[in-house]
Amino acid sequence: MNITLSARPPFNFYNTVRSHGWYQLAPYEWDDGKHFLSRVERLSDGRVVLLRFSGASDGLAVEVRGRVTKAEQADIADKARWMFALDADLSAFYDQAEREPRLRHCREQAYGRLLRSSSMFEDVVKVMMTTNIQWSGTKRLVKALVDHFGEPLADDPSRRAFPTADKIARSREAALRKLGLGYRAPYVLKLARGVTQGVYDLAAFKDPALPTDALRKRLIALPGIGPYAANTLLMILERYDHIGVDTEAVSAVSTHFYDGQPVGEKEVNATFAAWGQFKALAYWFWDYDGTHQTPMAQYEARPS
DNA sequence: TTCCAGGGGTAGA
DNA sequence: TCTACCCATGGA
């Protein structure tokens with residue numbers, strides 16, 4: 001079964017996948033040779049399927065193995081449109097970027113979309129797993145959560161979907177600590193239980209009508225989510241007026257704007273202040289190394 | 001061994 | 001609002 005979805009132009013499948021590190025986190029699997037992005041997905045009716053995404057002429061192709069009902073097709077299409085932000089309109093950012101040599105390439109490369117997960121719960125947990133840890137550790141913890149709590153694919157139980165909030169909610173802190181989550185364990189558990197009990201309505205965070213300031217307050221109110229994580233989630237939610245300042249941001253701004261001098265959050269924000277509602281996009285897609293490559297390619301090209 | 005990572009929560013000022 | 005301190009774990 002194949003589903004083809006059109007995207008608001010410009011759209012570039014590869015550059016969307018490589019927009020940030022999410023494609024390296026389970027249950028995403030990236031085939032860099034074939035440019036296929038796969039993931040096991042638990043559909044809204046509870047069925048677990050394997051999805052394979054690739055670029056199509058004017059958008060995205062989704063391949064699902066086996067038969068799916070019309071309702072499941074619609075569910076998959078909805079989720080795919082969200083994950084790849086197919087409807088995102090970045091024209092205002094591109095217009096502003098024309099005046100900056102370090103960002104002028106963004107329109108042609110269709111930079112600006114950030115790959116997302118199919119649910120806000122998954123993205124909130126994943127951002128939480130990026131805090132105070134190295135990227136290799138983030139990948140390890142997310143994989144551990146998927147392997148331990150995710151629903152398996154029927155014809156290949158070694159591949160699993162991202163765990164539901166309900167599944168994690170029914171576990172214990174000790175089980176999460178055993179996976180290596182450390183002090184993040186109680187935060188994940190509180191989040192999952194809050195979602196299950198209706199204390200946190202994460203799906204509502206997708207509502208474009210929700211003012212950014214109110215949304216940011218709700219994000220920071222979540223367990224384990226502080227300023228960095230909230231701002232990162234805001235960027236994922238297509239709101240770009242706050243920069244998720246982490247050690248990477250500080251390092252990049254220090255190296256490229258302050259001649260290697262030590263800087264803090266204030267300097268990071270000041271560097272991109274002129275970009276107003278597009279601060280986070282300007283920071284994230286800035287052509288730091290002059291190669292016009294995606295942020296992840298620039299990240300991987302750096303000496304470790 | 002020591003330091004610190006794509007920080008957050010809490011207490012105290 | 002700002003600062004000091006603690007938090008688990010693994011990599012460098």
Side-chain angles (χ1 to χ4, degrees), chain A residues 18-26 28 114-117 122-145 147-148 168 171-194 199-200 213 216-237 240 242-257 262-272 279-286 288-289 293-304:
Chain A
R18 303 258 298 175
S19 55
H20 68 145
W22 257 215
Y23 72 97
Q24 298 180 0
L25 300 181
Y28 277 124
L114 281 294
L115 182 68
R116 301 188 270 220
S117 306
E122 182 176 336
D123 275 339
V124 171
V125 171
K126 284 178 171 175
V127 169
M128 207 188 292
M129 294 304 115
T130 70
T131 62
N132 199 19
I133 194 173
Q134 297 180 119
W135 181 243
S136 62
T138 299
K139 290 193 278 190
R140 185 183 64 252
L141 295 186
V142 172
K143 184 177 188 305
L145 284 170
D147 287 346
H148 199 264
I168 293 178
S171 75
R172 294 180 183 281
E173 186 179 320
L176 292 165
R177 285 186 184 274
K178 205 172 175 183
L179 298 181
L181 269 67
Y183 63 87
R184 302 169 193 85
Y187 302 150
V188 174
L189 193 59
K190 188 177 178 189
L191 177 74
R193 290 182 175 169
V199 178
Y200 308 126
D213 286 348
R216 188 165 185 277
K217 281 181 183 167
R218 287 208 212 175
L219 286 165
I220 287 183
L222 298 175
I225 302 298
Y228 151 77
N231 294 354
T232 300
L233 284 162
L234 284 177
M235 182 164 77
I236 286 174
L237 288 165
Y240 312 114
H242 299 274
I243 296 173
V245 180
D246 51 23
T247 57
E248 286 294 321
V250 165
S251 164
V253 167
S254 167
T255 303
H256 299 281
F257 295 92
V263 302
E265 187 165 354
K266 195 169 67 177
E267 287 78 11
V268 173
N269 287 317
T271 298
F272 296 100
K279 279 195 280 287
L281 283 179
Y283 154 65
W284 194 256
F285 289 96
W286 194 265
Y288 294 97
D289 65 3
Q293 293 192 95
T294 62
M296 276 313 286
Q298 293 189 48
Y299 178 81
E300 286 165 357
R302 279 186 352 205
S304 60

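All heavy atoms count here, side chains included; hydrogens, waters and symmetry mates do not. Proteins get letters first, then strands, A, B, ... in listed order; numbering begins at 1 in each.
Taking atom CD on E248(A) and atom C1' on dC4(B), their separation rounds to 13 Å, with Å as the unit. dA5(B) atom P lies 12 Å from atom OH of Y299(A), rounded to whole Å.
Of all nucleotides listed (dG10(C), dG6(B), dA8(C)), dG6(B) comes nearest to the side chain of Y228(A).
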Which pairs, protein N/O on one side and nucleotides 9-13 of chain B N/O on the other, fall under 3.5 Å?
residue	atom	partner	partner atom	Å
dG9(B)	OP1	G224(A)	N	2.9

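Base engagement by R184(A) is indicated by at least one non-hydrogen atom pair under 4.0 Å involving a base atom. Among the protein residues, A229(A) comes within range of the sugar-phosphate backbone only, with heavy atoms under 4.0 Å from sugar or phosphate atoms but none that close to a base.
Environment of NZ in K139(A): crowded, with over 12 heavy atoms of neighbouring residues, nucleotides or ligands closer than 6.0 Å. Around CZ of R193(A), the count of heavy atoms belonging to other residues, nucleotides or ligands within 6.0 Å exceeds 12.
Taking the P atoms as reference points, dG7(B) lies 16 Å from dA12(C), given to the whole Å. Taking the C1' atom of each, dG6(B) and dT3(C) are spaced 23 Å apart, rounded to whole Å. Atom name C1', nucleotides dC3(B) and dC7(C): the rounded distance is 16 Å, in whole Å.
Distances shown here put every side-chain N or O of R140(A) at or beyond 4.0 Å from the OP1 or OP2 atom of dG10(C).
Judged by distance alone, with hydrogens and angles left aside, the side-chain atoms of S251(A) form no donor-acceptor pair with the main-chain N or O of T247(A) at under 3.5 Å. Within the 3.5 Å criterion, the main-chain N or O of L115(A) finds a donor-acceptor partner in the side chain of S19(A). In terms of modelled atom types and a separation under 3.5 Å, the side chain of E173(A) and the main chain of P186(A) share no donor-acceptor contact.
Aromatic pair F272(A)/Y240(A): ring centres not closer than 6.0 Å.
Proximity of residues 126-137 of chain A to DNA chain C (heavy atom under 4.0 angstrom from any strand atom) is restricted to N132(A), Q134(A).
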